[in-house]
Amino acid sequence: MSPGTRIGLLGGTLDPIHLGHVDTALAARTALGLARVIVLPSRVPPHRPQQPSASPYHRFAMTALAVNGVEGLEASDIELSAPGPSYTADTLARFQQSSGLSPSQIFFITGADAFAEIETWHRYPEVLDLSHFVVVSRPGFPAATVRHRLPLLAPRMTDSADAPFPSIVLVNRPTRDVSSTEIRRRRRAGEPLTGLVAASVEQHIVQHGLYVDDTAPTSISTPSRRADHLHGQD
């Protein structure tokens with residue numbers, strides 16, 4: 001990759017990926033001029049006491065379908081093959097090593113609601129030195145509110161992507177009010193998912209009978225801190 005390359009990473013359980021996730025990735029890419037955004041389903045989310053409802057294979061398939069044809073977005077399964085819980089710090093360290101990019105070229109994208117819990121994340125505060133963190137507004141949670149919620153981090157916050165060292169970049173752009181929890185509820189109730197997920201993702205969910213019996217199968221013997229997984233956004 002060229003010295004000026006800037007890459008975004010957006011991850012999470014993505015159970016399933018929805019249009020709010022896509023909006024968040026595109027908001028960051030457009031605002032910061034990122035070459036591309038890589039979307040990463042996590043294998044074992046340590047913030048949840050139970051396994052995701054859909055298998056890693058289905059969650060990756062839905063992610064690939066959701067970003068297919070969306071300029072600047074691509075899906076990756078690197079977290080699905082990594083051992084242990086999907087901690088953001090470990091993901092960033094692996095990506096630095098594999099890509100050859102410096103922390104100032106990597107932009108980790110998260111919703112403002114998830115970033116508000118950054119102090120509970122694995123390897124905080126050093127995780128903030130592994131990349132830029134891009135905090136995107138979520139419905140009812142503008143990015144600017146994290147300045148007041150996290151006053152000790154306010155000096156690191158900026159509206160620009162041009163800082164030569166890892167910073168916290170606030171992006172105030174609209175994203176759709178969608179949650180994976182609501183999607184799973186609608187499936188159990190037999191309600192349509194129109195406007196919540198890409199049409200191809202809805203077709204995959206229906207074709208494979210996902211989320212009809214939404215009882216997570218197996219407990220995870222890891223701490224249930226909500227924000228320890230990739231970006232924490234539902």
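Each residue takes its place number in the sequence, starting with 1.
- Side chain of R187 to main chain of L210: a donor-acceptor pair is present (N/O by atom type, distance under 3.5 Å, no hydrogens or angles).
- Using a distance-only test at 3.5 Å, with no hydrogens or angles considered, a donor-acceptor pair links the side chain of S99 to the main chain of F95.
- Follow the hydrophobic side-chain contacts under 4.5 Å out from L19 and you never reach V171; the two are in separate clusters.
- Using a 4.5 Å heavy-atom cutoff, the side chains of R188 and V212 are not in contact.
- A search for side chain to side chain contact (heavy atoms under 4.5 Å, CB included) contacts involving A144 returns nothing, not counting sequence neighbours.
- Within the structure, every pair that satisfies the salt bridge (charged side-chain N to carboxylate O under 4.0 Å, His left out) test and touches residues 94-105, not counting sequence neighbours, is listed here: E79-R94.
- Between D77 and F60, the shortest heavy-atom contact is N-CE1, 3.7 Å.
- The shortest distance between side-chain heavy atoms of L26 and V70 falls below 4.5 Å.
- With a 4.5 Å cut-off on side-chain heavy atoms, E119 and L150 count as touching.
- Note on ring orientation: taking the six-membered ring where Trp is involved, the planes of F108 and F133 are tilted (angle from 30° to 60°).
- Counting heavy-atom neighbours within 6.0 Å of Q97 CD, excluding the residue itself, gives a total of 12 or less.
- Using a 4.5 Å heavy-atom cutoff, the side chains of L34 and I7 are not in contact.
- Take A154 and apply the side chain to side chain contact (heavy atoms under 4.5 Å, CB included) test, not counting sequence neighbours, and it matches no residue.
- Listed by first and then second residue, the ring-ring contact (aromatic ring centres under 6.0 Å, His included) pairs that reach into residues 149-204 are H58-H204, H204-H208, sequence neighbours excluded.
- Scanning both residues, H132 and A163, for their nearest heavy atoms gives CE1-O, 3.5 Å.
- Considering every non-hydrogen atom in both A161 and R6, the closest pair reads O-NH1, 3.0 Å.
- Here S104 pairs with S102 under the side-chain hydrogen bond (donor to acceptor under 3.5 Å, both in side chains) rule; sequence neighbours left out.
- Contacts of D23 classified as salt bridge (charged side-chain N to carboxylate O under 4.0 Å, His left out), with partners at least two apart in sequence or in another chain: R176.
- Partner of V22 under the side chain to side chain contact (heavy atoms under 4.5 Å, CB included) criterion, out of V37, L10, V39, L73: L73 alone.
- Of the possible polar contacts, one joining the S42 side chain to the G12 backbone as a donor-acceptor pair under 3.5 Å is found.
- Taking CZ of R43 as the start and CG of L80 as the end, the distance is 8.5 Å to the nearest 0.5 Å.
- Q105 contributes a side-chain N or O that, together with a main-chain N or O of T5, makes up a donor-acceptor pair within less than 3.5 Å.
- In this structure, S76 OG and L9 CG are separated by 9.0 Å, a value rounded to the nearest 0.5 Å.
- Between V136 and A28, the shortest heavy-atom distance links the atoms CG2-CB, 4.4 Å.
- Closest non-hydrogen pair, A66 versus I17, comes out as CB-CG2, 3.7 Å.
- Expressed to the nearest 0.5 Å, how far CD1 of I118 lies from OH of Y124 amounts to 7.0 Å.
- Looking at R59 and P16, their side chains never come closer than 4.5 Å, going by heavy atoms from C-beta outward.
- Looking at every heavy atom in both residues, P155 comes nearest to L152 through CD-O, 3.6 Å.
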Output a table of donor-acceptor pairs, distance under 3.5 Å, between side-chain atoms of residues 189-203 and any protein atom two or more places apart or on a different chain; print 'none' if there are none.
{"residue": "E191", "atom": "OE1", "partner": "R185", "partner atom": "NH2", "Å": "3.1"}
{"residue": "E191", "atom": "OE1", "partner": "R186", "partner atom": "NH1", "Å": "3.4"}
{"residue": "E202", "atom": "OE2", "partner": "L193", "partner atom": "N", "Å": "3.2"}

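- The main-chain N or O of D15 is never found under 3.5 Å from a side-chain atom of T13 such that the two would form a donor-acceptor pair.
- A side chain to side chain donor-acceptor pair (under 3.5 Å) check over residues 145-156, counting only residues at least two apart or in different chains, returns the pairs D129-R156.
- A 4.5 Å side-chain heavy-atom check between M157 and S167 finds every atom pair outside the cut-off.
- Evaluation of the side chain to side chain contact (heavy atoms under 4.5 Å, CB included) rule for P174 yields no partner, not counting sequence neighbours.
- Checking side-chain atoms of H21 against main-chain N and O of T24 turns up no donor-acceptor pair under 3.5 Å.
- Under the side-chain hydrogen bond (donor to acceptor under 3.5 Å, both in side chains) criterion, T63 pairs with no residue, sequence neighbours left out.
- In the hydrophobic clustering of ILVMFWY residues, with side-chain heavy atoms under 4.5 Å counting as a link, I106 and I168 come out together.
- Partners of N172 by side-chain hydrogen bond (donor to acceptor under 3.5 Å, both in side chains), not counting sequence neighbours, listed by chain and number: S137.
- Taking 4.5 Å as the limit, some side-chain heavy atom of T30 sits within range of a side-chain heavy atom of R173.
- The shortest side-chain heavy-atom distance between P41 and P56 does not fall under the 4.5 Å cut-off.
- Between W121 atom CH2 and L128 atom CG the span is 8.5 Å, to the nearest 0.5 Å.
- Taking S81 as the reference, nothing meets the side chain to side chain contact (heavy atoms under 4.5 Å, CB included) condition, with sequence neighbours excluded.
- The pair D90-R123 meets the salt-bridge criterion, with a side-chain N (NZ, NE, NH1 or NH2) lying under 4.0 Å from an Asp/Glu carboxylate O.
- Using a distance-only test at 3.5 Å, with no hydrogens or angles considered, no donor-acceptor pair links the side chain of T175 to the main chain of G20.
- Rounding to the nearest 0.5 angstrom, the gap separating the OG atom in S179 from the CZ atom in R138 is 8.5 Å.
- Put simply, CG on L40 and CD1 on I38 are 6.5 Å apart, with the number rounded to the nearest 0.5 Å.
- If you chain together hydrophobic residues whose side chains sit under 4.5 Å apart, L153 and V135 fall into the same group.
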Item checked: Worked verdict on I205 versus M62 for side-chain contact (heavy atoms from CB on, under 4.5 Å) -> CA-CA 8 Å; I205 290 171; M62 290 186 286; 3.6 Å; yes

